[in-house]
Amino acid sequence: MTSVEENTDHTADSGPSGYAAARLRLLQEESRSGPSRRSALAGLTDEWLNALFTTAVRETGVRGATLVAVGGYGRAELSPRSDLDLVLLHDGKAEPQALSALADRLWYPVWDLGLALDHSVRTPGEARRTAAEDLKAHLGLLDARTVAGDAGLLAGLRTSVLADWRNQAAKRLPELHSLCRERAERAGELRFLLEPDLKEARGGLRDVTALRAVAASWLADAPREGLAEARRRLLDARDALHLVTGRATDRLSLQEQDQVAAQLGLLDADALLREVYEAARVVAYAGDVTWREVGRVLRARAARPRLRGLLGSRGDRVPARAPLAEGVVESDGEAVLALAARPDRDPVLALRFGAAAAQAGLPVSLHAVRRLAAQGKPLPVPWPAEAREQLLTLLGAGEPTVAVWEALEAEGLITRLLPDWERVRCRPQRNPVHTWTVDRHLIETAVRASALTRRVGRPDLLLMAALLHDIGKGWPGDHSVAGETIARDVATRVGFDPHDVAVLGALVRHHLLLIDTATRRDLDDPATVRAVAEAVGSVGTLEILHALTEADALATGPAAWSAWRGSLVADLVARVAAVLRGTTPASGEPEIPTTEQERLAVEALRTGEPVLALQARQEEDAVGVDLVVAVPDQPGVLPAVAGVLALHRLTVRAADLRSMELPDRLGEVLVLSWRVAAEYGALPQAAQLRTDLVRALDGSLDVPAKLADREAAYPRRRGVVPPPPRVTVVPDVSALATVLEVRAPDAVGLLHRIGRALESGGVRVRSAHVSTLGANAVDTLYVTTPEGKPLDPANATALAGLVAAALS
């Protein structure tokens, strides 16, 4: 440590007045701040207390004693108004009266200066017993340091205390974790508070101390990248706060933030908060990773005795690495990269990894995320379709999205994928209605939107609009106007087509339109409704905007949404929809078959058996391959084909089924055009698909039983339960058939269950049109009676209920 004489103009006077003057000069040195000032202040205090101790020992005659600094002072880090945490350690041989006199000569000068003091007098044995009973005392002693006196007393105590800490880690660390959680519930999340407590809130200085204690246990260690810098920023902010207020406070109140920012040389209070939030994010993330590792190690330790007793007795244990997606597996309760994964050759892997983890409700491996950040290959612009689908799947996973997104963000992957994210990252929101920073608010909005995906025909646009609706914050001017431009750029980068880019731009531009109009305008005025209709443009966009408005408000905070506000918005939406439907033509039926479909249909009629063609898609960024199946019309075709695809672990990205009548031939052919992708691994051979399809149609392959067996053997991990399926009868779309729309979470076997439900309802499927958008499926089914007529309303409603029940 640099000598005090080099640090200050401190005089030789060791009394309170000399120390106080030197302390004041040190704190007024503009050239000194941060770690240097904290270390110098600790050194100055050490010298003063050492002088007091030496004089007190001479006057009282006490031998075998030492003055010990613990806690922050023990780490030689003193903020301007920090408490002094001191222990007078003694060997137990001094007379109680002399020991008391020694303590008085130490404590009273500290009190006389108005400094806060936490003090105790103990033998090493007493200190060790106190640590065993009091977790906070134990933590303080982990940072103990000799200030004056017999250093040997502390050396023995430190050895014992550290040994106890390591030996009792299985008991102590869960206690410490519980304390951290209780404190977080009480003080809140530092990086989202407008007036944060720099010490007590989650992500604050107490959590840094807890991570040091975990490292001292040798059980686990925190991610070190950025942690020391985050700790320094928090300590610097606390130093500035102490100097501005002249008080020992850790709460960064609103009225002091500008002065604290100026003390730190920052532009303004927003710049201060953003820097504090950034630091807190690093600390909180390090805590999440560390405590998860502590739990893993402790579970493994607890399981070892049982495992030794069971070794060799079970051959049917679940594999240690269960596949989640291509290149992604579950191992020991985490999502990790498969052994064969190659981030340098698979630019979509980071998004696929995040989507698979969130869908399964699993935390992500720190090692895996860092490997993706270090080795990952940049995505081409525009993104390939698979990358866009994986982003939407991640956004639509519900609550697990938050932890996965923040883990990817902590290692820089999000800003690499979406450079515009940097502007909103950790950006504070001064409106007290807002619970979150801008970036977290956007993710929370996506979480809320994921629960509303059944209400819209384009859940992918809803989720993307949720992610981008406030992306203009951080730019000059109206954030909705700036956000529209940014959203269009991002949507183009991500690979949406021009029509969808325009819709997303409009959603971001008008994301406040419904709530502002509903609460501030006269809805009985036709001009009000017409203005909204002109801005929105279509019923589909209105449907998405309605859901986005609710998700945005719910993610803002409890004061932003209510039943009353919801009813006003719903009333406005109904009025606007009526205007738009008066000018929007109903959608028609699908296009005529292609030449390839007709060729396969002729072949199927000629042979009387299924005919299929499997070929790669021509588009460069296509997801999956094309599969066309032609089957002579017969019952059970849709569930049979869909079931065979599910058995081969093929996910359906899109599908189209139509009944085709060929000229001059008897009978009809069902033609099914599929776009499929392997869930993981290689695609099956076309010949094997055809063999299984023939068996499924003749009844020799029990598809439902096979699917049930596989599900029982390898249950699929899911995160938060998605919103329930929604099956509705769509009126006024077709004069030839009844139209059902199914909105459900995508899953292997979904179409198989839909097909079986339709078969049990005794209807004929005239055509079907399937879209998979991220983790959501939107399927439109044209069904008739066996005679080829539309269903009557009662039967149509009953059929919709039957399909919904099959999917629940």
Side-chain angles (χ1 to χ4, degrees), residues 355 358-361 389 392-393 395-401 446-463 466 540 543-544 546-547 550-551 638-639 641-643 645-646 650-657 674 679 703-704 707-708 711 715-731 733 738-763 765 767-783 791 795-808:
Q359 286 289 310
E389 292 289 317
L392 295 167
T393 300
L395 293 176
E399 287 292 344
T401 298
V447 169
R448 297 289 188 166
S450 70
L452 305 177
T453 50
R454 304 296 169 261
R455 285 176 24 183
V456 300
R458 290 295 303 273
D460 55 335
L461 297 184
L462 170 61
L463 292 169
E543 184 181 67
I544 299 170
H546 186 190
E550 183 173 338
L638 177 60
V641 178
L645 297 181
L650 292 175
T651 59
V652 179
R653 309 308 303 170
D656 183 272
L657 176 151
W674 308 81
E679 189 176 5
V703 173
L707 287 173
E711 181 65 25
R716 187 175 179 86
R717 284 290 303 261
R718 294 291 303 189
V720 171
V721 177
R726 181 178 179 183
V727 184
T728 55
V729 180
V730 185
V733 172
T738 295
V739 179
L740 296 183
E741 186 175 75
V742 180
R743 302 175 183 180
D746 182 41
V748 173
L750 174 68
L751 271 179
H752 174 69
R753 296 198 299 275
I754 292 174
R756 291 190 69 197
L758 295 176
E759 289 290 329
S760 68
V763 298
V765 181
S767 64
H769 317 285
V770 175
S771 299
T772 303
L773 305 166
N776 296 285
V778 180
D779 305 341
T780 304
L781 309 158
Y782 289 70
V783 300
L791 279 63
N795 286 335
T797 302
L799 181 65
L802 188 66
V803 174
L807 301 182
S808 299

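Residue numbers start at 1 and run along the sequence shown. Just so it is clear, the structure is predicted and the values come from calculations on it, not from any experiment.
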Return the minimal non-hydrogen interatomic distance between Ala757 and Leu802, and the atom names on each side.
-> O-CD2, 3.4 Å
Heavy-atom closest contact (Leu799 atom, Gly761 atom, distance) = CD1-CA, 4.2 Å
Begin with the C-alpha distance, continue with both residues' side-chain angles, and end with the deciding distance and a verdict on side chain to side chain contact (heavy atoms under 4.5 Å, CB included) for Val765 and Tyr782.
-> CA-CA 6 Å; Val765 181; Tyr782 289 70; over 6 Å; no
Indicate yes or no for a side-chain donor-acceptor contact from [X] to the backbone of [Y] under 3.5 Å, with no hydrogens or angles considered.
X	Y	result
Glu399	Val447	no
Thr772	Ala777	no
Arg726	Arg454	yes
Thr453	Ala449	no
His752	Ala642	no

By salt bridge (charged side-chain N to carboxylate O under 4.0 Å, His left out), which residues pair with Arg743, not counting sequence neighbours?
->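 Salt bridge (charged side-chain N to carboxylate O under 4.0 Å, His left out) list for Arg743, sorted by chain: Glu543, Glu741.
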Answer with yes or no whether the side chains of Ser767 and His769 bring together a donor and an acceptor at under 3.5 Å.
->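 Checked: His769/Ser767 side chains pair up, N/O donor to acceptor below 3.5 Å.
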Pairwise side-chain contact, [X] with [Y], heavy-atom cut-off 4.5 Å (strictly under):
X	Y	value
Leu773	Leu392	no
Val778	Val456	no
Val770	Asp656	no
Leu781	Val739	no

